[in-house]
Undergrad: 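Handing you a structure now.
This is a predicted model, so every value here is computed, not measured.
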Amino acid sequence: MTPSPTPTALVWFRDDLRLRDHPALQAALKAGLAPVPVYIHAPHEEGAWAPGAASDAWRHRSLAALDAELRQRGSRLHVFAGESLATLASVAASTGAAAVFWNRRHEPAIDQRDTRIRRELRQLGLRAEAFNGSLLFEPWQLETRAGDPFRVFTPFWKAALQAWNPPGLQPAPDHLPTMDPVPGEVALAALGLQPVPRWDNTFWDEWIPGEQGAALALQAFIDSKLHTYSEGRDRPDRALTSRLSPHLHFGEIAPWRVATQLDAAGPPDERAAFLRQLGWREFAHHVLRHFPHTPDDNFNPRFDDFQWAQPDAALLRAWQRGNTGVPIVDAGMRELWTTGWMHNRVRMIVASFLTKNLRIHWRHGARWFHDTLVDADLANNALGWQWVAGTGVDAAPYFRVFNPVLQARKFDPQGEYIARWVPELRGLPARARHAPREAGAAGLAATQGYPHPIVDLGESRNDALAAFARLKGR
DNA sequence: TAGGCATTGGC
DNA sequence: CCAATGCCT
């Protein structure tokens, strides 16, 4: 008789593409089960918010990086495509698995699917358990004194800091057991995550997807950006943000590792300013979990009657491609198109321009960001767009319309960010780049090929305010 | 350059 | 009663 092999546990990787600080992987090891790393490509199970093309391009590289890390330890990633439940059940059967472990995702469609999968797996006699792998605080962990979910960031974050208790850090396992090929496996390349043609080539000068890339980004941030973060983070002309967003979205680094490594570095108020940004990510997941309709519909139903402009494909396309004639807006949209990322200050500016000056529904902007950002994240995207549009949580006491010229002067004072992304304006003196049409004849002559503004900023602002005022009586 | 805009959640 | 990533006069 041959000795029976160690029973296995499937570790179902999703948006947690790392080996350190991985609760589901640790659970398998702790239970004495041999981990079988599994990835299942099933975008059709994500409802209306299947990952976009930029996100897929990142995911391809991140999965390849995870596979390489696993192979260094004797294991590898087993890749499948199809129905998640059926795949898990069949892989569990063919590998003799006793359990399936994964880390939670909180997107509404995924959460529903996973609840069903857990139930079904348990009915098959398997242990099935989900863990927190992506947040400092589970969305249900914090509540107001009245027992409600938070709707305002500041009290949310105060409560979070009071409850602060991040878990300890876990190294990646040194060695993982080798597994025979599993029936039904496919090659990573067969998932079709990489774009054709390869328009993403320009992305990878700036990004290293995967756990190592995430660690490098964090270290670079701590070494050279953290000490000026509170001011620097608002300056798109300087590279002073952490650029951790895609790494966090794909779970290439745990937020509690970011927080813990930060603890040992930098001035306290700079550290607090950065942690606060991690806090917005936590808040977004909290809000999405408690208000699952917010990716698609207004958080505040009062705005359901807001008079958005008539759909105009040409205006939307001008915005998407960075041809609005408003320099800071075009710079941001072109940065997004070229690199799969946009500086957060500029995200607010382009979003305000779309929803207030063009008065195009925030949903169109959210969709474009979802498709083009490498860090596209349903929770962050929904919160951000609704915050700017004024339809969401953390509402301002007035109808806020960003002035893109003032914002550019304030946060890109020399017009360097504009010049980087809008070459038509490079010949202008620095101060003229923010509003070339106001720069006189000399300015005009230098702006070859750069469009006139597609909308009058002052007029459209007043129109938006008027549309807002019309909501009042209702 | 200080004050107006004028809402809402949470303590 | 405080606070909320802004703009305009």
Side-chain angles (χ1 to χ4, degrees), chain A residues 142-163 228-236 238 240-242 245 269-270 272-284 286-287 290-291 294 298-306 326 328-329 332 342-357 362 380-381 383-412 434-435 455-474:
Chain A
L142 301 172
E143 53 183 33
T144 69
R145 275 206 237 153
D148 296 322
F150 286 95
R151 297 160 155 87
V152 175
F153 174 72
T154 304
F156 169 84
W157 192 232
K158 266 181 81 173
L161 290 175
Q162 294 233 317
T228 55
Y229 182 73
S230 52
E231 302 249 328
R233 71 188 192 83
D234 262 329
R235 293 288 299 271
R238 317 257 181 88
L240 293 176
T241 59
S242 74
S245 53
D269 30 344
E270 300 298 327
F274 181 74
L275 281 183
R276 193 177 167 85
Q277 294 306 305
L278 278 189
W280 277 97
R281 176 176 178 274
E282 299 285 322
F283 183 50
H286 176 86
V287 171
H290 292 287
F291 307 99
T294 50
N298 294 325
F299 169 80
N300 181 350
R302 176 189 177 204
F303 283 86
D304 292 352
D305 291 328
F306 188 78
V326 180
I328 190 74
V329 173
M342 193 195 305
H343 188 282
N344 187 54
R345 167 58 54 181
V346 189
R347 293 188 198 196
M348 292 190 277
I349 299 169
V350 303
S352 172
F353 181 79
L354 184 78
T355 57
K356 307 290 173 70
N357 296 105
W362 58 264
N380 291 335
N381 203 37
L383 181 131
W385 276 96
Q386 293 223 43
W387 182 87
V388 172
T391 60
V393 293
D394 213 63
Y398 35 75
F399 193 61
R400 184 167 27 205
V401 184
F402 282 55
N403 180 325
V405 177
L406 293 187
Q407 288 275 319
R409 287 195 181 127
K410 187 167 174 192
F411 298 116
D412 180 27
H434 305 122
V455 67
D456 182 277
L457 293 178
E459 222 171 88
S460 57
R461 173 178 200 273
N462 290 335
D463 291 348
L465 288 170
F468 178 63
R470 268 180 255 128
L471 284 180
K472 276 183 203 156
R474 310 200 178 207

Undergrad: Do the side chains of A:Phe353 and A:Ile349 get nearer than 4.5 Å, heavy atoms only?
TA: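 No, too far: nothing below the 4.5 Å cut-off.
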
Undergrad: Using a 4.0 Å heavy-atom cut-off across all strands, classify A:Gln277 as base, sugar-phosphate, or nothing.
TA: base

Undergrad: If I take atom NZ in residue A:Lys410 and atom C1' in nucleotide C:dG6, what distance separates them, rounded to the nearest angstrom?
TA: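 Distance, rounded to whole Å: 8 Å.
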
Undergrad: Considering only side-chain heavy atoms of A:Met348, which listed nucleotide, B:dT7, C:dC7, C:dT5, is closest?
TA: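 Nearest listed nucleotide: C:dT5.
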
Undergrad: From C-beta outward on A:Val152, which listed nucleotide comes closest to its side chain: B:dG10, C:dT5, B:dT7?
TA: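 My answer, after comparing the listed nucleotides, is B:dG10.
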
Undergrad: Counting side-chain heavy atoms from C-beta on, which of B:dG10, C:dT5, C:dG6 comes nearest to A:Trp280?
TA: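 Looking only at heavy atoms from C-beta outward on A:Trp280, the closest nucleotide is C:dT5.
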
Undergrad: Whole-Å distance between C:dT5 P and A:Leu383 CG?
TA: 11 Å

Undergrad: Using purine N1 to pyrimidine N3 plus N6-O4 or O6-N4 for Watson-Crick, or N1-O2 and O6-N3 for G-U wobble, both under 3.5 Å, which nucleotide pairs with C:dT9?
TA: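 Looking at the geometry, C:dT9 pairs with B:dA2.
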
Undergrad: Would you find a donor on one side and an acceptor on the other, under 3.5 Å apart, between the side chain of A:Arg345 and the backbone of A:Arg233?
TA: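 Checking the backbone N and O of A:Arg233 against the side chain of A:Arg345, no donor-acceptor pair under 3.5 Å is found.
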
Undergrad: Looking at A:Phe153, A:Trp157, A:Phe291, A:Trp387, which one forms a ring pair (Phe, Tyr, Trp, His ring centres under 6.0 Å) with A:Phe283?
TA: A:Phe153

Undergrad: In this structure, how many angstroms lie between the P atom of B:dG9 and the CZ atom of A:Phe153, rounded?
TA: 18 Å

Undergrad: When the distance from CZ of A:Phe150 to C1' of C:dA4 is rounded to whole Å, what number comes out?
TA: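 Value for this atom pair: 15 Å.
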
Undergrad: Without decimals, in angstroms, what is the distance between A:Asp394 CG and C:dC2 P?
TA: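 Between P of C:dC2 and CG of A:Asp394: 18 Å.
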
Undergrad: What is the distance from CG of A:Leu142 to P of B:dG9, rounded to the nearest Å?
TA: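 So the two atoms are 19 Å apart, to the nearest Å.
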
Undergrad: Can you identify which nucleotide, out of C:dC8, B:dC5, B:dC11, has its nearest atom closest to the A:Leu406 side chain?
TA: C:dC8

Undergrad: Parallel, tilted or perpendicular: which fits the ring planes of A:Phe303 and A:Phe399, with parallel below 30° and perpendicular above 60°?
TA: parallel

Undergrad: Compare the minimum distances between each of B:dC11, C:dG6, C:dA4 and the side chain of A:Tyr398, then state the nucleotide with the smallest one.
TA: C:dG6

Undergrad: Using the P atom in both, what is the distance from C:dA4 to B:dT1, to the nearest Å?
TA: 23 Å

Undergrad: Over how many whole Å does the gap from A:Gln386 atom CD to C:dT5 atom P extend?
TA: 16 Å

Undergrad: Keeping the roles fixed (side chain from A:Lys356, backbone from A:Asn403), state whether a donor-acceptor pair exists under 3.5 Å.
TA: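 No: the side chain of A:Lys356 does not pair with the backbone of A:Asn403.
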
Undergrad: Picking from C:dA4, B:dC11, C:dT5, which would you name as closest to the side chain of A:Arg345?
TA: C:dT5

Undergrad: Report yes if a side-chain nitrogen or oxygen of A:Arg461 is closer than 4.0 Å to either non-bridging phosphate oxygen (OP1 or OP2) of B:dC5; otherwise report no.
TA: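 The answer is no; no side-chain N or O of A:Arg461 sits under 4.0 Å from OP1 or OP2.
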
Undergrad: Give a yes/no on whether any side-chain N or O of A:Gln407 is located under 4.0 angstrom from OP1 or OP2 of C:dT5.
TA: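 Answer is no, no contact under 4.0 Å.
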
Undergrad: Checking side-chain hydrogen bond (donor to acceptor under 3.5 Å, both in side chains) for the pair A:Asn380/A:Trp280: CA distance, chi angles, key distance, verdict?
TA: CA-CA 8 Å; A:Asn380 291 335; A:Trp280 277 97; over 6 Å; no

Undergrad: If you check every side-chain atom of A:Asn403, which of C:dT5, B:dC11, C:dC7 has the closest atom?
TA: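 In terms of side-chain proximity for A:Asn403, the closest of C:dT5, B:dC11, C:dC7 is C:dC7.
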
Undergrad: Can you tell which of C:dG6, B:dG9, B:dT8 lies closest to the side chain of A:Arg302?
TA: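 Nearest to the side-chain atoms of A:Arg302, counting from C-beta on, is B:dT8.
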
Undergrad: Can you measure A:Trp387 atom CH2 to C:dG6 atom C1' for me and round it to whole angstrom units?
TA: 8 Å

Undergrad: Categorize A:Pro404 for me: base, sugar-phosphate, or nothing, with a 4.0 angstrom heavy-atom threshold over every strand shown.
TA: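 Nothing, no heavy atom under 4.0 Å.
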
